[in-house]
Asker: 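Take this structure first; my questions come after.
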Amino acid sequence: MKNTWWKALAVLILVYVVLQGLLGTVPRQPILNESIRNVYFHVPLWFGMIILLLTSAVYSIRYLRKGQFDDDLVAVEFANSAILFGLLGCATGSLWANFTWGEPWPNDPKLNSVAVGMLMYFAYLILRGSFDDEQRRARISAVYNIFAFAVFVPLIFIVPRLTDSLHPGNGGNPAFGKYDMDSQMRMVFYPAVIGFTLLGVWITELRVRMRRIKAILED
């Protein structure tokens, strides 16, 4: 139980978030209407993705410092989980954009920056598959992973703020929290960030275990 309490917590939080997200009361805002419920899903997925990418970069740094292959294994699985969250974030964002902006992927700096960032991490996975030597693959991938995270953060958080953007919180537009998110929504939003992040860690843990078992069987 000592090692599984956080998994039970993740399940409870996500059940609460889903129920409140679909059935709870939300502010009635022009244009957004009921689509504001997506705040509980789209935004926490992106927060979770950033946390998972940061953790992946930390493990890549650990690998470069200590040279332990297990750190490289954990780094790539955190990146895999983060990419999954990123794809879900893009899907929920496109659905939202279609209702509020009239098309699923308008020509917007924030969305285009996200697309470039996701392609960078797809390239990370392709890079890993291009080396047969494990040590060389781990070393080069670790360096690329650290570089990718260092570029990804300003790419999606800073660059869109310097230009005109439809996305809330960018290009002079106020973020949701300033005008739209009341205290009741925060009671769901913040747990959602925690719940989705714990889910990402759980998925990563399962994949890491599978990779370790596979390595033992191959040896």
Asker: Counting only N and O atoms by type, is there a donor-acceptor contact under 3.5 Å from the side chain of Tyr144 to the main-chain atoms of Met120?
Answerer: yes
Asker: Treating Tyr63 as the side-chain partner and Val74 as the backbone partner, does any N or O pair qualify as donor plus acceptor under 3.5 Å?
Answerer: no
Asker: So Ser56 and Phe149, do their side chains get closer than 4.5 Å, heavy atoms only?
Answerer: no
Asker: Are any non-hydrogen side-chain atoms of Ile146 and Leu64 less than 4.5 angstrom apart?
Answerer: yes
Asker: How long is the straight-line distance from CD1 of Ile13 back to OH of Tyr190, given to the nearest 0.5 Å?
Answerer: 15.0 Å
Asker: Measure across Asn98 and Pro104 and return the closest heavy-atom pair with its distance rounded to 0.1 Å.
Answerer: OD1-CD, 3.4 Å
Asker: Got a second to check how far Leu199's CG is from Leu45's CG, nearest 0.5 Å?
Answerer: 9.0 Å
Asker: Please tell me if the side chains of Trp105 and Cys90 come closer than 4.5 Å, counting only heavy atoms from C-beta onward.
Answerer: yes
Asker: Around atom CG of Asp132, are there more than 12 heavy atoms from other residues, nucleotides or ligands closer than 6.0 Å?
Answerer: no
Asker: Just by distance, do the side chain of Ser130 and the backbone of Leu127 share a donor-acceptor pair under 3.5 Å?
Answerer: yes
Asker: Atom CH2 in Trp46, atom CZ in Phe85: separation rounded to 0.5 Å?
Answerer: 12.0 Å
Asker: If you define the side chain from C-beta out and look only at heavy atoms, does anything of Met185 sit under 4.5 Å from Tyr40?
Answerer: yes
Asker: Counting neighbours of CZ on Phe147 that are heavy atoms of other residues, nucleotides or ligands and sit closer than 6.0 Å, is the number greater than 12?
Answerer: no
Asker: Test of understanding: clusters of I, L, V, M, F, W, Y form through side-chain heavy atoms closer than 4.5 Å, transitively. Do Val17 and Leu19 belong to the same one?
Answerer: yes
Asker: Using the rule that two of Ile, Leu, Val, Met, Phe, Trp, Tyr join whenever any of their side-chain heavy atoms come within less than 4.5 Å, decide whether Ile203 and Trp5 are in one cluster.
Answerer: yes
Asker: Do Trp202 and Leu12 sit in the same hydrophobic cluster, where Ile, Leu, Val, Met, Phe, Trp and Tyr count as joined when their side-chain heavy atoms come under 4.5 Å apart?
Answerer: no
Asker: Do Phe99 and Asn38 make a side-chain contact, defined as non-hydrogen atoms from C-beta onward lying under 4.5 Å apart?
Answerer: no
Asker: Check step by step if side-chain contact (heavy atoms from CB on, under 4.5 Å) holds for Asn145 and Tyr121.
Answerer: CA-CA 8 Å; Asn145 192 26; Tyr121 277 95; 3.5 Å; yes
Asker: State, with a plain yes or no, whether a side-chain heavy atom of Trp6 is found less than 4.5 Å away from one of Val201.
Answerer: yes
Asker: Does the side chain of Val153 come within less than 4.5 Å of Ile158's, by heavy atoms?
Answerer: no
Asker: Would you say that more than 12 heavy atoms from the other residues, nucleotides or ligands in this model lie under 6.0 Å from the CD of Gln68, or not?
Answerer: yes
Asker: Is there a continuous path of hydrophobic side-chain contacts, each under 4.5 Å between heavy atoms, that joins Phe196 to Leu206?
Answerer: yes
Asker: Has Asn112 got a side-chain atom pairing as donor or acceptor with Asp108's backbone, closer than 3.5 angstrom?
Answerer: yes
Asker: Determine the minimum heavy-atom distance between Val193 and Phe47, stating which atoms define it.
Answerer: CG1-CB, 3.9 Å
Asker: Could you walk me through whether Phe78 and Val208 pass the side-chain contact (heavy atoms from CB on, under 4.5 Å) check?
Answerer: CA-CA 9 Å; Phe78 266 110; Val208 168; over 6 Å; no
Asker: How close do Ile36 and Trp96 get, heavy atom to heavy atom, and via which atoms?
Answerer: CA-CZ2, 4.1 Å
Asker: Would the distance check show the side chain of His42 and the main-chain N or O of Thr92 forming a donor-acceptor pair, the cut-off being under 3.5 Å?
Answerer: no
Asker: At their closest point, which heavy atom of Arg37 faces which heavy atom of Gln20, and how far apart are they?
Answerer: NH1-O, 3.8 Å
Asker: Would you name the heavy atoms of Arg212 and Asp70 that are closest together and state the gap between them?
Answerer: NH2-OD2, 2.7 Å
Asker: Output yes when a side-chain donor or acceptor of Lys110 lies under 3.5 Å from a complementary backbone atom of Ile156, and no otherwise.
Answerer: yes
Asker: Can Val58 be reached from Leu52 by stepping across I, L, V, M, F, W or Y side chains whose heavy atoms are under 4.5 Å apart?
Answerer: yes
Asker: Hey, could you give me the CE/CG distance between Met49 and Leu87, rounded to the nearest 0.5 Å?
Answerer: 10.0 Å
Asker: Restricting to non-hydrogen atoms, name the atom on Ala79 and the atom on Tyr124 that form the minimum distance, rounded to 0.1 Å.
Answerer: CB-CE2, 3.7 Å
Asker: Below 4.5 Å, heavy atoms only, C-beta onward: do Val76 and Leu125 meet side chain to side chain?
Answerer: yes
Asker: Do the charged groups of Arg62 and Asp72 touch, with an N to O distance under 4.0 Å?
Answerer: no
